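Here the structure comes first, spelled out in structure tokens, and everything after it is commentary.
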Amino acid sequence: MTVQELPGAAAYRPTPPPAWKPITDPAPLLPDPEPYRVLGTDAVADVDPELLLRLHAELVRGRRYNTQATALTKQGRLAVYPSSTGQEACEIAAALVLEERDWLFPSYRDTLAAVARGLDPVEALTLLRGDRHTGYDPHQHRIAPLCTPLATQLPHAVGLAHAARLKGDDVVALAMVGDGGTSEGDFHEALNFAAVWKAPVVFLVQNNGFAISVPLAKQTAAPSLAHKAVGYGMPGRLVDGNDAAAVHQVLGEAVARARRGEGPTLIEAVTYRMDAHTNADDATRYRVDSEVEAWRAHDPVQLIERELTERGLLDDEGIERAKEAAERMAAALRDRMNADPELAPMDLFTHVYAEQTSQLREQAAALRAELDAEQDHENSAEEGR
């Protein structure tokens, strides 16, 4: 006998228990229908002029950093470089909005954010030139290793932020990811944990239009990536990712909210990747030149430069000073990257385990014997000359 055949089944109307009810009113969590902007609007009057000038100088330096790093790949000094040209406003704002005690969790494309936070430009490229480890001490700089696997840094950011709060440390983690990373399971797991724990973490999605060659429309049917926040019970914000002042403001509000103990925020910065995915990619196979040119008119460097000159805060001499400073940085980067690194083969066994295993000790001894034999051979050859 089925439920429908039971006596009185027609009048049976099960009532779910109270736990089904929404925990949070979804309306305040929804992002605005259009990306938030500051430059070119009345809101710019409230922005500190010194901040605008600093953003401009960092953007100019960042653009030059991207072009120099791209050139280094063509010269064989870098194995690969994922350029962030066109996305510099997101990178710079993410670096400048954090306090020294906070943590940045970058993706592989976010070398510029790491440099703007104070990391040595060469150390930021060490991983991409094929050298060992990360190239820098993450704890010293409060910058997690540049993450090549998509979105795996997001749960790490949540874990660190949650642990910091349990310890009573006033720390916020800012995790950066591309639009392609939002299709990974790590993204969803991180957002869910962060919202449930009210972890002091901010998620910044740089929506640059393509996950390598896959356009956003083939990844998601959501109204925006910022709308995904609602499903996890956190606010979603939509911002013009080429407007450095707007990104800085939105990120600043989210960081302050997290620091107050009010939980995470998901921010989608709408931007565009002007260069190919990496130097190994042919972007002409999946996008047209006219699309790229349309975005050039919304270039983040030009946007802030136009604002500053129209307000009389920047003149031709100031623009030239910013360019000269960027050239000095590029020249130093070029010179240092053109020098062959001094490699220490025994470092292969450093930082693998806290205490080396017997297999590692055996391998290390074998390599040491080979190196000693090679040195003895070179010494004998030298003596015979």
Side-chain angles (χ1 to χ4, degrees), residues 28-48 51-52 54-56 58-59 62 84-98 104-107 109-110 112-113 116 154 172-182 187 191 194 201-210 216 220 222-230 232 234-259 262-274 295 297-304 306-307:
L29 306 181
L30 289 168
D32 294 332
E34 294 293 329
Y36 177 70
R37 295 188 63 196
V38 168
L39 299 178
T41 74
D42 293 340
V44 75
D46 298 326
V47 182
D48 182 359
L51 173 61
L52 290 175
R54 186 180 179 193
L55 287 170
H56 170 260
E58 291 289 349
L59 286 173
S84 58
T85 295
Q87 302 177 217
E88 293 96 343
C90 301
E91 304 278 313
I92 299 304
L96 299 190
V97 78
L98 295 175
L104 179 70
F105 282 78
S107 73
R109 195 178 299 280
D110 301 322
L112 181 53
L154 304 186
V172 173
L174 195 160
M176 304 176 72
V177 69
D179 50 288
T182 67
F187 171 81
L191 265 65
V201 61
V202 176
F203 300 98
L204 173 60
V205 178
Q206 296 179 81
N207 176 7
N208 64 18
F210 295 90
L216 185 67
T220 181
S224 74
L225 295 174
H227 277 79
K228 294 180 181 290
V230 183
Y232 299 98
M234 71 178 70
R237 296 293 306 275
L238 191 60
V239 63
D240 183 340
N242 287 18
D243 184 334
V247 180
H248 188 276
Q249 180 181 326
V250 171
L251 282 175
E253 292 169 355
V255 168
R257 179 177 180 273
R259 210 181 299 281
E262 297 175 21
T265 304
L266 174 65
I267 298 167
E268 176 188 356
V270 182
T271 182
Y272 194 78
R273 191 192 74 218
M274 300 302 298
W295 274 93
H298 199 60
D299 180 276
V301 179
Q302 294 179 11
L303 285 178
I304 198 164
R306 186 183 306 124
E307 185 71 48

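Nothing here was measured: the structure is a model prediction, and the numbers come from that model.
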Quiz item: Do H227 and L30 come within less than 4.5 Å of each other through their side chains, counting heavy atoms only?
Solution: yes
Quiz prompt | Verdict with reasoning, T271 to N208, per side chain to side chain donor-acceptor pair (under 3.5 Å) | solution = CA-CA 5 Å; T271 182; N208 64 18; over 6 Å; no
Quiz item: Once you round to the nearest 0.5 Å, how far does OG1 of T41 lie from CG of D240?
Solution: 10.5 Å
Quiz item: Is the shortest heavy-atom distance from the side chain of Y232 to the side chain of L266 under 4.5 Å?
Solution: no
Exercise. On the 0 to 90° scale, with breaks at 30° and 60°, tag the Y272-F210 ring pair as parallel, tilted or perpendicular.
Key: perpendicular
Practice problem: Flag the pair T220 / K228 as yes when at least one side-chain heavy-atom distance between them is below 4.5 Å, and no otherwise. | Solution: yes
Quiz item: Got a donor-acceptor contact below 3.5 angstrom from the N207 side chain to the E268 backbone?
Solution: no
Quiz prompt | CD on Q87 to CG on L112, rounded to 0.5 Å | solution = 10.0 Å
Practice problem: Indicate yes or no: at least one non-hydrogen side-chain atom of Q206 is less than 4.5 angstrom from one of E91. | Solution: yes
Quiz item: Does a donor on one side chain and an acceptor on the other come within less than 3.5 Å for S107 and D110?
Solution: yes
Exercise. Decide yes or no for L238 and D32: does some side-chain heavy atom of the first lie under 4.5 Å from some side-chain heavy atom of the second?
Key: no
Exercise. Could you please spell out the steps behind the side-chain contact (heavy atoms from CB on, under 4.5 Å) verdict for F105 and V201?
Key: CA-CA 10 Å; F105 282 78; V201 61; over 6 Å; no
Exercise. Apply side-chain contact (heavy atoms from CB on, under 4.5 Å) to L251 and L174, showing your working.
Key: CA-CA 9 Å; L251 282 175; L174 195 160; 4.1 Å; yes
Quiz item: What's the spacing between H298 NE2 and L303 CG if we round to 0.5 Å?
Solution: 5.0 Å
Quiz prompt | Distance in Å, T85 OG1 paired with M274 CE, rounded so as to fall on 0.5 Å steps | solution = 8.5 Å
Quiz item: For the atom pair CZ (R257) and CE (M234), what is the distance rounded to the nearest 0.5 Å?
Solution: 8.5 Å
Quiz item: Is the count of non-hydrogen atoms from other residues, nucleotides or ligands lying under 6.0 Å from Q302 atom CD greater than 12?
Solution: yes
